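Reading through the structure tokens given below for one structure.
All figures in this text were calculated on a predicted structure; none of them were measured in a lab. Computation of the quantities below employed the complete heavy-atom set of this structure, encompassing side-chain atoms and omitting hydrogens, waters and symmetry-equivalent molecules.
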Amino acid sequence: MSAPAEPAAPDSVPELKQRIQELQAMLHSCKLSRVASNDEAVNELAASEERFALAVRGTNDGIWDWDIRTNEVFFSPRWKSMVGFAEDELENTFSTFEQLLHPDDHHRVLAVLNDYLSGKIPRYAVEFRFRHKDGSWRWILARGRALRDENGKPYRMAGSHTDVTERKHDEEELRHARQAAEAANSAKSVFLANMSHEIRTPMNGIIGMGELLLGTKLDDTQRQYLEMLKQSADSLLELLNDVLDFSKIEAGKMELDSHEFDLNAIVTDTVRAMSVRAYQKRLVLLHHISPEVPARLIGDDGRLRQILINLIGNAIKFTHKGGVTIEVGVESETADLIILHFKINDTGIGIAGDMHERIFEAFTQAEASTTRRYGGTGLGLAICRDLVELMHGRIWVESQPEVGSTFHFTIACGRTSGISIKPKTPRTDPVVTAHASMKVLVVEDGHVNQLVSARMLEKRGHIVTLASSGEEAIDFFNSNQFDAILMDVQMPGMNGLEATARIRQIEQTQGGHVPVVAMTANAMKGDRELCIAAGMDDYLAKPLRSAELFRAVEQFSRKAPLPPPARELNVAEPLPAPPPKDSAPFDAAAFRDSAGDEKLMRKLIAIFPEDSQKYLRKAEKALAAGKAQPLYEAAHSLKGMLGVYAAPRAFKLASELCEYAHAGDLKGAQLMYEQLKRESALLAEALVGFDPVI
């Protein structure tokens, strides 16, 4: 037999009676049709209410039930006792909840509640401080759900309060302990750094005096002793340098000194310096830099040299026959940054698989006997790891025991004035040289058109500097000399017309005249005249075509210009893209003609999804805000980009969106935007499946 149900607590009887009356009224108003009598239905619901009351009293959480329409709230006895109050000491109203909230938490909690009730967030869960009767503060986790009518308007909300004070105290103690540990670790690192620095001063004196003595007249025994002394001092100084660098990194005092440097010189000089060690062990030491790597970059060449010396030195140290090879290539690149990939290959003793991660930890060697046999502090690879991370890269190793090792690392470097100063190899990417190489400033905010225009001009033999805004163009103009400027008309901030006007003002005071050629996706009547009136010398319509680009730039060459293009074009009108074959989103042949080479095509395909979505999001935001000018700017930028991909349908839609935005017709623009969004998605999908091999 089942145990008899426990009777309801006496203080719950009035509450149950009141609810029974409410239920009777509800049953009467709804005219419920039941076989059983109304009394039986009421009794059944009363029993359900009694079970609910028992469940409320049995849980460790505080239960609340808020009637949003009347602002009355049912607070369970446990809800009130959690903050030290008896059941009759608090009113069952929403203001009771507000009065107990900590003043610093009040605004935040009500904001979360309002966001939930308005549908901005999917669930209500928030932590806050609640005032206890004794004046202390308890941490409460509140959770709840709302009931909504057919219009989505909330009319009732219920939930629970959980006391999480102990957990919050534990978290606070853990935070303080972590801060203390970090402070102690930082203090240790500062101490090591200071001590290493202090010890280096007398060590330099010892080494210097030893070298001076070695230059004097000595007998064989004295020279042997001095050479041993110098060798030991050099080893000690190397150890101190490692400790100093490691301590600086741990203390957060290691900073990079970024500036322009010659990568080829850094690698060549480092290999030359290490070649003595390799020669002494009869090892071959080779290096190869991919022709895709720019000759000059921006970064900390001193720290790069330190990484290379450490890794090449390790490779030579642990290799007894064969050789060491250093390779440098490009992993990825954008208009502003290039990620270099370095490989240091050796045919040495190798490293066991379970040590591939651990060797980059401080004071760790691949084997316990390594330090005895080969020397070292166990800090070199840890320092390399930290320096690589400072340069926004990563380091790893591939190795097999008795076969050899390949240490990989990547670093991010900034570009100098041009995308690439070093020409490509003629076998795979021939360079067509102009009659006279020109220095050209390309001012363009879109990555796609930056890549295309710079690539075309560099293949022609010109030197390119990239600027992404009108303001940056002015800075370059003030600090460099250019033979011509390609100026995008539509740019955020200072546009091309304003930048050109500023350049002409500077020339009035300083003298000279640099030709400025406008680039724009607009080709409407009057655009050319507008550009000329702003001080520009010529006009190019996007999408750019190499023949027209060369004609526009090279007409201002100080030496004999190149012959004109094979066919003359009306520069006030864009080149019409051929109709797509089989209704494809883009024309492959025209795309190849626009890009010019396979590598650039792959790059353009890779950046299309991100760049197109960027402009589509700007257009969508402008439409939502009802702003025609930002909408026009976004559509115009997208139009100029789409022309490169030989996508006539998308190009036409972007052009029409520009016209709607220019006319201020946002309703028509919304419809055009939806079509353009769908067409851009089709174009992105088609580009993914396209093989750019010519």
Side-chain angles (χ1 to χ4, degrees), residues 111-112 114-116 118-122 152 334-337 443-452 467-473 487-499 519-524 527 542-543 585-586 604-645 647-688:
V112 173
N114 288 331
D115 284 347
Y116 171 70
S118 63
K120 293 181 180 178
I121 56 178
T334 66
D336 303 317
L337 288 176
V443 188
E444 168 66 64
D445 65 311
H447 283 176
V448 170
N449 283 295
Q450 276 187 353
L451 289 171
V452 171
S468 299
S469 65
E471 293 87 348
E472 192 175 0
M487 182 75 72
D488 186 24
V489 174
Q490 281 290 342
M491 292 183 292
M494 180 185 288
N495 63 35
L497 300 177
E498 295 166 338
M519 295 187 299
T520 178
N522 277 352
M524 293 183 289
D527 287 332
K542 298 177 185 177
F586 73 105
L604 292 172
I605 291 170
I607 67 175
F608 178 80
E610 181 180 351
D611 280 25
S612 60
Q613 286 300 313
K614 176 179 71 175
Y615 295 125
L616 286 171
R617 284 193 297 269
K618 287 183 178 180
E620 186 175 28
K621 184 178 179 181
L623 280 168
K627 296 181 178 179
Q629 183 58 31
L631 174 61
Y632 174 82
E633 293 172 358
H636 183 272
S637 297
L638 187 57
K639 173 186 172 184
M641 171 186 168
L642 288 169
V644 173
Y645 294 89
R649 289 204 304 260
F651 185 87
K652 184 174 184 295
L653 290 170
S655 300
E656 292 178 358
L657 180 57
C658 284
E659 294 175 9
Y660 277 110
H662 189 266
D665 184 357
L666 296 182
K667 186 175 180 180
Q670 180 68 53
L671 297 174
M672 195 57 58
Y673 166 78
E674 297 297 336
Q675 295 182 49
L676 177 58
K677 185 177 180 181
R678 288 193 294 271
E679 186 61 27
S680 297
L682 292 174
L683 176 57
E685 183 178 356
L687 286 170
V688 169

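- Crowding of Glu471 atom CD: a count of heavy atoms from other residues, nucleotides or ligands under 6.0 Å exceeding 12.
- A donor-acceptor contact shorter than 3.5 Å links the side chain of Glu498 to the backbone of Asn495.
- Considering CG of Leu676 and CD of Glu679, their distance stands at 8.0 Å, rounded to 0.5 Å.
- In this structure, Tyr632 contributes its side chain and Glu659 its backbone to no donor-acceptor pair below 3.5 Å.
- Between the side chains of Gln670 and Glu674, a donor-acceptor pair is found at a separation under 3.5 Å.
- Here CG of Leu604 is found 6.0 Å from CG of Leu451. Values are rounded to the nearest 0.5 Å.
- In this structure the side chain of Leu642 never reaches within 4.5 angstrom of the side chain of Leu653, judged on heavy atoms.
- Between the side chain of Glu472 and the backbone N or O of Ser468 there is at least one donor-acceptor pair closer than 3.5 Å.
- A donor-acceptor pair shorter than 3.5 Å cannot be found between the side chains of Ser680 and Gln613.
- Checked by atom type and distance alone, the side chain of Glu444 never pairs as donor or acceptor with a backbone atom of Met487 at under 3.5 Å.
- Between Met519 and Val489 the shortest side-chain heavy-atom distance does not fall below 4.5 Å.
- Rounding to the nearest 0.5 Å places CG of Leu616 at 11.5 Å from OG of Ser637.
- Counting heavy atoms from C-beta outward, Met641 and Ser612 have side chains that approach closer than 4.5 Å.
- Within a 6.0 Å radius of CZ in Phe608, more than 12 heavy atoms belonging to other residues, nucleotides or ligands are found.
- Ion pairing of Lys652 with Glu656 is present here, as a side-chain N (NZ or NE/NH1/NH2) and a carboxylate O approach within less than 4.0 Å.
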